[in-house]
Protein chains: 2
Amino acid sequence: MNTRFAVATHILTFLQTQDGRPATSELVASSVSTNPTLIRRLLSQLAKAGLTTSQMGTGGGALLARPGNRITLLDVHRAVDEDSTIFPLHQEPNPQCPVGRQINGVLRSHLSDVEKAMEAELARTTIADMAQDVSKANLAR
Amino acid sequence: MNTRFAVATHILTFLQTQDGRPATSELVASSVSTNPTLIRRLLSQLAKAGLTTSQMGTGGGALLARPGNRITLLDVHRAVDEDSTIFPLHQEPNPQCPVGRQINGVLRSHLSDVEKAMEAELARTTIADMAQDVSKANLAR
DNA sequence: GTATATGTGACCGTATTAGTTACATACTTG
DNA sequence: CAAGTATGTAACTAATACGGTCACATATAC
């Protein structure tokens with residue numbers, strides 16, 4: 001797996017704390033400790049998923065497309081990990097073998113339940129929750 | 001993620017259907033459609049986790065170390081995906097930034113819940129279940 | 001002793017990943 | 001309109017991970 005989910009969540013949480021002020025990719029990149037281009041690429045994906053909007057030009061930058069309490073970690077996962085399955089199947093087991101012939105179908109059905117459980121849990125946390133947790137953690141020290 | 005979990009589950013399900021007869025890595029490899037070495041490496045990991053045993057020499061091969069109804073997909077996951085997290089964090093966000101400073105701790109705590117949900121679901125399916133599902137699927141056609 | 005089978009180190013080609021450079025496009029401000 | 005600023009994206013790179021393969025030492029059965 002890659003760290004795109006973690007970075008994307010970081011970005012959105014950051015935008016939430018900006019409270020309506022557009023954040024440039026450079027500003028966000030400095031919080032994440034990475035390259036502005038990488039941030040822009042992720043922001044582009046998040047925008048396509050309808051989670052953020054961006055304004056070009058002076059004073060521009062990225063904004064949450066809707067309130068943080070209506071963006072869940074599941075939304076982030078779907079936006080950013082679109083076509084990467086958690087537990088990929090292996091391809092083309094031996095169709096001559098009774099096990100090889102059926103294993104992927106059986107496995108897929110069980111893994112689909114696993115994914116559902118995971119998604120339900122992801123959906124329980126919003127970007128607003130994240131921002132609040134971060135702010136609490138900052139007060140605690 | 002990689003396909004080790006899928007292949008390992010395939011191996012164990014295959015062993016379950018062998019019903020006590022040792023299976024050589026070559027036999028298993030032919031069911032999975034891959035290389036015996038790859039199977040042996042996975043079997044080695046499964047053996048270390050206490051899920052299988054192996055016998056060298058003529059008539060040897062791999063066996064389940066305990067009944068298939070006492071081996072869950074969670075056991076398999078733990079045995080083969082040991083040190084690969086589903087959602088890795090990104091390293092060293094900016095400690096000068098209020099968000100960067102806390103994001104990984106907050107994220108880790110939520111992701112830990114996600115992982116727990118996933119593991120609970122994985123634990124609900126045993127290798128015996130898998131073998132039975134496979135055999136049912138074979139009858140159905 | 002011979003045949004068989006595991007266990008593991010070493011290696012290879014490919015794909016993925018994070019990171020970077022470069023630049024066309026779009027918007028704001030004066 | 002001109003200058004400055006910021007996004008969006010293509011192209012490239014180095015590092016890593018992955019599946020697959022070969023080779024061979026080790027252990028077991030007959």
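In what follows, chains are A, B, ... by sequence order, proteins preceding strands, each numbered from 1.
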Could you tell me whether A/Gln55 contacts a base, only the sugar-phosphate backbone, or nothing, with contacts defined as non-hydrogen atoms closer than 4.0 Å? sugar-phosphate

So B/Ser44, base contact, sugar-phosphate only, or nothing? Heavy-atom distance under 4.0 Å. sugar-phosphate

Rounded to the nearest angstrom, tell me the gap between atom [atom1] in [X] and atom [atom2] in [N].
X       : N      : atom1 : atom2 : answer
B/Asn35 : D/dG19 : CG    : P     : 13 Å
A/Asn2  : D/dT16 : CG    : P     : 17 Å
B/Gln91 : D/dT16 : CD    : P     : 11 Å
B/Asp81 : D/dA17 : CG    : P     : 14 Å
B/His10 : D/dG19 : NE2   : C1'   : 16 Å
A/His90 : D/dG19 : NE2   : C1'   : 13 Å
B/Leu38 : C/dT6  : CG    : C1'   : 15 Å
A/Met1  : D/dC18 : CE    : P     : 13 Å

Would you tell me if any nitrogen or oxygen in the side chain of [X] comes within less than 4.0 Å of OP1 or OP2 on [N]?
X       : N      : answer
A/Thr24 : D/dA6  : no
A/Ser54 : D/dT7  : no
B/Thr34 : D/dG20 : yes
A/Thr58 : C/dT29 : no
B/Arg4  : D/dG19 : yes
B/Thr3  : D/dC18 : no

Measure from the side chain of [X], starting at C-beta and using heavy atoms only, and say which of [options] lies closest.
X       : options               : answer
A/Arg40 : D/dG19, D/dG8, C/dG7  : D/dG8
B/Met56 : C/dT6, C/dT20, D/dA23 : C/dT6
A/Ser25 : C/dG19, D/dT7, D/dT28 : D/dT7

Is there a side-chain contact between B/Leu63 and B/Arg21 in this structure, where contact means two heavy atoms from C-beta onward sitting under 4.5 Å apart?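 No, side chains not in contact.
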
Does the side chain of B/Met130 reach to within under 4.5 Å of the side chain of A/Leu107, using non-hydrogen atoms? yes

No-hydrogen, no-angle side-chain donor-acceptor test under 3.5 Å, A/Asn138 and A/Ser135: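 No donor-acceptor contact under 3.5 Å links the two side chains.
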
Will you find, in the side chains of A/Asp133 and B/His110, an N or O donor that is under 3.5 Å from an N or O acceptor?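 Yes - a donor-acceptor pair under 3.5 Å links their side chains.
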
Does A/Gly61 or A/Arg41 map to a spot on DNA chain D nearer the 5' end, using the closest nucleotide for each? A/Gly61

Going by an N to O cut-off under 4.0 Å, is there a salt bridge joining B/Arg124 and B/Glu121? yes

